[in-house]
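First the proteins, then the strands, lettered A, B, ... as listed; each starts at 1.
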2 protein chains.
Amino acid sequence: MAYLEASVIDHGAVARPTGRTPCSPAKSNLSDFGGKSTAYETHAVVYYEGDPAKRLYELVRGSIMLYKLLPDGRRQVVEVLRPGDIFGLASTDENDCTAETLTSSIVQEIDLRQVERSQELQSILTKSLTSQMHVLHEHAVLLGRKSAVERVASFLMHLVPDRGGLGCAGPEDEENDGFDLQLHMTRQEIADYLGLTIETVSRVVSDLKRRGVIRVDKADKIHLNKVCSLCQMTGIH
Amino acid sequence: MAYLEASVIDHGAVARPTGRTPCSPAKSNLSDFGGKSTAYETHAVVYYEGDPAKRLYELVRGSIMLYKLLPDGRRQVVEVLRPGDIFGLASTDENDCTAETLTSSIVQEIDLRQVERSQELQSILTKSLTSQMHVLHEHAVLLGRKSAVERVASFLMHLVPDRGGLGCAGPEDEENDGFDLQLHMTRQEIADYLGLTIETVSRVVSDLKRRGVIRVDKADKIHLNKVCSLCQMTGIH
DNA sequence: CGTCCTCTTGACCTTAGTCAATCACAGTGG
DNA sequence: CCACTGTGATTGACTAAGGTCAAGAGGACG
């Protein structure tokens, strides 16, 4: 499988961290606990599933996905992280997922052994894990119970801030309820996140386009014409 | 939908905690932090999705599932808890799942506000959340990428201690690799956990029976004839 | 013995997957 | 500047896996 080979090549040739600190200031919850800030290129691997877990990471800027592979090459992207998310914590001594950047990213890295030492760190961790758990629960519903259209609609809605949630206030302006999205994911990555094939994702996107719900400026850049009508297709209404 | 109505009836009529302490001694990680121990009947609801989150719970004995419902009645069981698991922590002020017992259970309950106060509690929490996260990641792979047979095989394998994992040593005795399981879940609950329909679960179980991999003594009492051959069907080999 | 409930089985249908051809676009090199 | 190549995305035709609907079997219980 193409992406698998690419990743393996990355490991040795491309994806190694540059080790320099970010040039622009970026807030990090973990920076108070020492460690270093590292920049990663797009599609660089931070760590591999099965590697020994040695560090705790915080995504400071950019976007990172965590995925698991089955031996025959099937892939499931289990989380798509946003700035502020903490990752790398493992219940065994090995990482249970591979962490790969979707865009160039800045990551704050500290030693895992710090975790036992700091009370404040534990508190931050609890909050972060709880919120990731919540996302994972929602995602389980998506993977287990939603149709292809509902999955894609849910995926797009998650990229719209303050909309589609329980406390969604609806559109501010009924007549002007559009939104511009930059996905930062290929069709393959979206498919592996939503438990679909690349062809199905493509077909659903084309269909939404045909029905006037979205406009596709670039494969990667999508305009939602009416957020509310897309939200109606997520299965949560 | 039948189970939905049943749950709603339970809420008022059956499922309320009896409030008595367990008669037999049971170790609990949370018992040091005060609170009370509560016994629940089979299919009792500990809390509902959307209810205000006020308490932190530890399953001391028995079995509990966490599930989410879509407005049209589709259900996804997102976790099946075992003794020692901690639940009830929410990222908002509302529970994101319904918690319902699968068997009669004993639950240790403490006030959520305790969490901020105790360092030791935070530490316990971090460990528990991390391990639940690991399970959720695996489950995402199951829901997103596995076939019906692989899902059922994985489900059954998870009920066999020390087998099927990464460090699985294989059968101790090649000729005598059987195992007896008590599921404690209806076909509907299994289906909702695995993202399948009740009919598909039933068909897969019948098929495994026909192929001699399992023996079905009762609907929820299954004997695995050869653990290793079932493990071969989980998709992880 | 009848009722209720869950589970099983069969027939049929729908959804999404598979396979393959084509398109679009960016980068490369003559 | 433009043909060539490679990659990712789209589309179409077909297939297969699992869902739907309906009927019947098997237990538990009053």
Side-chain angles (χ1 to χ4, degrees), chain A residues 1-7 9-10 42-43 70 72-76 102 142-153 155 183-210 214-222 233 235, chain B residues 1-7 9-10 42-43 70 72-76 102 142-153 155 183-210 214-222 233 235:
Chain A
M1 233 158 235
Y3 61 77
L4 182 54
E5 286 162 17
S7 296
I9 292 163
D10 277 350
T42 303
H43 289 120
L70 290 173
D72 62 2
R74 281 176 286 179
R75 180 172 76 159
Q76 180 63 45
L102 291 168
L142 181 146
L143 293 173
R145 289 297 177 218
K146 290 191 182 179
S147 71
V149 175
E150 288 170 337
R151 292 181 201 205
V152 173
F155 170 69
L183 304 187
H184 300 304
M185 290 174 86
T186 65
R187 293 287 184 270
Q188 184 67 66
E189 284 155 358
I190 296 169
D192 288 346
Y193 184 44
L194 302 182
L196 300 170
T197 59
I198 192 173
E199 292 95 334
T200 300
V201 172
S202 189
R203 268 186 261 269
V204 170
V205 168
S206 295
D207 196 53
L208 291 175
K209 189 169 61 181
R210 220 168 294 123
I214 64 173
R215 187 185 69 226
V216 181
D217 297 330
K218 266 189 59 192
D220 190 44
K221 194 162 157 31
I222 288 179
M233 308 170 85
Chain B
M1 225 153 243
Y3 60 75
L4 182 54
E5 287 162 17
S7 296
I9 293 164
D10 276 350
T42 303
H43 289 121
L70 289 174
D72 61 2
R74 282 176 287 178
R75 179 172 75 160
Q76 179 64 45
L102 291 168
L142 180 146
L143 292 174
R145 289 297 177 218
K146 290 191 181 179
S147 70
V149 175
E150 288 170 337
R151 291 181 200 205
V152 173
F155 170 70
L183 304 187
H184 300 305
M185 289 173 87
T186 66
R187 292 287 184 271
Q188 184 67 65
E189 284 155 359
I190 297 168
D192 288 345
Y193 184 45
L194 302 181
L196 299 170
T197 59
I198 193 173
E199 293 96 333
T200 299
V201 172
S202 187
R203 268 185 261 269
V204 169
V205 168
S206 296
D207 195 53
L208 292 175
K209 189 168 61 181
R210 219 168 294 124
I214 63 173
R215 186 185 68 225
V216 182
D217 298 330
K218 266 190 57 193
D220 84 330
K221 192 159 157 35
I222 288 179
M233 309 171 85

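- Closest approach of B/Arg187 and B/Leu183 over heavy atoms only: NH1-CD1, 4.2 Å.
- Of all the heavy atoms in B/Gln76 and B/Tyr193, the pair that sits closest is NE2-O, 3.1 Å.
- Atom-to-atom, CG of A/Asp192 to P of C/dG17 comes out at 11 Å; the value is rounded to the nearest Å.
- Straight-line distance from the NE2 atom of A/His43 to the P atom of D/dG8: 9 Å, rounded to whole Å.
- Atom CZ of B/Arg145 sits about 9.5 Å away from atom CG of A/Leu70, to the nearest 0.5 Å.
- Atom CD in B/Glu189 sits roughly 16 Å away from atom P in C/dC5 (whole-Å rounding).
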Show me the donor-acceptor pairs, under 3.5 Å and distance only, between side chains in residues 198-206 of chain A and residues at least two apart or in other chains.
from	atom 1	to	atom 2	distance (Å)
A/Thr200	OG1	A/Thr197	OG1	3.0
A/Ser206	OG	A/Ser202	O	3.0

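- For the residue pair B/His184 and B/Leu102, the shortest heavy atom distance occurs at O-CB, 3.5 Å.
- As a whole-Å value, the separation of B/Lys221 NZ from C/dC7 C1' is 18 Å.
- Whole-Å rounding puts the A/Leu143 CG to C/dT15 P distance at 19 Å.
- Taking the side chain as every heavy atom from C-beta outward, B/Asp220 and B/Thr186 never approach each other to under 4.5 Å.
- Between A/Arg215 and A/Asp217 a salt bridge is recorded (basic side-chain N to carboxylate O distance below 4.0 Å).
- In this structure, B/Arg75 and B/Glu189 approach most closely via the heavy-atom pair NH2-CG, 3.6 Å.
- The overall bend of the helix from C/dC1-D/dG30 to C/dG30-D/dC1, read as the angle between its terminal helix axes built from five base pairs each, is 20° when rounded to 10 degrees.
- Rounded to the nearest 0.5 Å, atoms CG (A/Leu143) and CG (B/Leu142) are 10.0 Å apart.
- For the pair B/Ile222 CD1 and C/dC7 C1', the computed distance is 12 Å after rounding to whole Å.
- Here the C1' atom of nucleotide C/dT9 and the CZ atom of B/Arg187 are 13 Å apart, to the nearest Å.
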Under 4.0 Å protein heavy-atom contact, by nucleotide of nucleotides 11-30 of chain D - B base, S sugar-phosphate only: BBB----SSBB---------
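- We find that CE of A/Met185 is positioned 11 Å from P of D/dA9, with the value rounded to whole Å.
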